[in-house]
Amino acid sequence: MEKEERPHKNTSITNEKEITFDETDRSDVQDPHHDGLVITLDIINHFIRWILIDGGSSVNIILLDALKRINIPEAEIIKRSSVLIGFSGETKHTIGEIKLHIYIEEVNNMQHFCVIRTLSSYNVILGKPWIHDMKVVPSTYHQCVKMPTPWGTVKITGD
């Protein structure tokens, strides 16, 4: 996650009323691929890279190290330990919870995150709570997500 360098714009907005995908949405995807969907988003006015979109996750997760890099003090974390159970049955204890704003093309949404201290390839995992709240339609095949807004459909391309 790099704060100083602003990534290229990875969102676009159209006047579409329904959300569909076609081959033009795959213009930058190299085949064959089996990649997870990883994006960059503006979370509390910081571009956070390496965000995994995971429709199998029942919670949103943020790493403690990611919070530290954007200068969120540990005092802002609500200390409430819970246990997360992974796909293979492994358990991970959270160190608490935090609410953070996510901004996408003029849409501001507050999301609840479980905070964990671990090593990971990702800074954030956005799961079903974010996907459902924002009515996001992810496509790993097209390596993008689309979501409705009052101004049209926003497309966020994968990194």
Residues P129 and N60: closest non-hydrogen pair is CB-ND2, 3.7 Å
Subject >> Worked verdict on K146 versus D25 for salt bridge (charged side-chain N to carboxylate O under 4.0 Å, His left out) >> reply: CA-CA 10 Å; K146 293 187 178 184; D25 291 315; 3.1 Å; yes
Check your understanding: Can you find a heavy atom in the side chain of L52 that is under 4.5 Å from one in the side chain of V124?
Key -> no
In this structure, CG of L63 is separated from CH2 of W50 (nearest 0.5 Å) by 13.5 Å
The reported gap from CD1 in I156 to CD in E105 (rounded to nearest 0.5 angstrom) is 8.5 Å
- prompt: Are side-chain heavy atoms of M134 and V107 found at a separation under 4.5 Å?
  reply: yes
- Message: Tell me if the CD atom of E18 is crowded by more than 12 foreign heavy atoms within 6.0 Å.
- Response: no
Task: Derivation and outcome, side chain to side chain donor-acceptor pair (under 3.5 Å), residues K92 and T118 - done: CA-CA 9 Å; K92 190 65 77 174; T118 191; 3.2 Å; yes
Handout entry: Donor-acceptor side-chain pairing of T40 and D159 below 3.5 angstrom
Key = yes
| Donor-acceptor pair, side chain of N123 and main chain of R49, under 3.5 angstrom | yes
Worksheet item: Crowded around K79 NZ? As in, over 12 foreign heavy atoms under 6.0 Å?
Response: yes
Tell me, do V115 and L67 make a side-chain contact under 4.5 Å, heavy atoms counted? yes
On a heavy-atom basis, the closest approach of T157 and C144 is CA-CB, 4.0 Å
Minimal heavy-atom distance between G158 and L37, with the atoms involved, is CA-CD1, 4.2 Å
Exercise. Do I125 and V137 share a hydrophobic cluster (ILVMFWY, side-chain heavy atoms under 4.5 Å, transitive)?
Worked result: no
Item to complete: State whether the side chain of N109 and the backbone N or O of I102 hold a donor-acceptor pair below 3.5 Å, judged by distance alone.
Response: no
Item to complete: Using the side chain to side chain contact (heavy atoms under 4.5 Å, CB included) rule, take F113 and V59 through it: C-alpha gap first, then chi angles, then the decisive distance, then the call.
Response: CA-CA 7 Å; F113 290 87; V59 295; over 6 Å; no
Hydrophobic cluster identity match, I104 and I19, side-chain contacts under 4.5 Å:
no
Output for pair (L84 CG, T91 OG1), nearest 0.5 Å, gives 9.0 Å
Between the CG atom in L41 and the OG1 atom in T11, the distance rounded to the nearest 0.5 Å is 9.0 Å
Could you give me the CA-CA distance, side-chain angles and deciding distance for S81 and T94, then say whether side chain to side chain donor-acceptor pair (under 3.5 Å) is met?
CA-CA 5 Å; S81 181; T94 66; 4.6 Å; no
Between the side chains of Q143 and D35, is a donor N or O closer than 3.5 angstrom to an acceptor N or O? no
#### Entry: hydrophobic_cluster_shared for I70 and L126, side chain cutoff 4.5 Å
yes
Checklist entry - Is a donor on one side and an acceptor on the other found under 3.5 Å between the side chain of R80 and the backbone of E97? => result no
Report task. Report the C-alpha separation of I13 and T149 in whole Å, then their side-chain angles, then the decisive distance to 0.1 Å, and conclude whether the side chain to side chain contact (heavy atoms under 4.5 Å, CB included) test is met. Result -> CA-CA 9 Å; I13 192 162; T149 71; 3.7 Å; yes
Shortest non-hydrogen pair, I77 vs G96, comes out as CG2-CA, 3.7 Å
Taken to the nearest 0.5 Å, the spacing of L64 CG from R69 CZ works out to 10.0 Å
query: Taking a hydrophobic cluster as the set of Ile, Leu, Val, Met, Phe, Trp and Tyr residues connected by side-chain heavy atoms closer than 4.5 Å, whether directly or through intermediates, do Y103 and I62 fall within one such cluster?
result: no
Tightest non-hydrogen contact, residues E23 and Y141, listed as OE2-OH, 3.8 Å
Value for SG (C114) from CD1 (I98), rounded to nearest 0.5 Å, stands at 11.5 Å
Please examine the side chains of K135 and M147, heavy atoms only from C-beta on, and report whether any two atoms are closer than 4.5 Å. no
* To do: Specify whether H142 and F21 have parallel, tilted or perpendicular ring planes, treating 30° as the upper limit for parallel and 60° as the lower limit for perpendicular.
  => parallel
Original post:
Step by step, would you call H93 with R117 a side chain to side chain contact (heavy atoms under 4.5 Å, CB included)?
Top reply: CA-CA 8 Å; H93 290 271; R117 179 181 293 130; over 6 Å; no
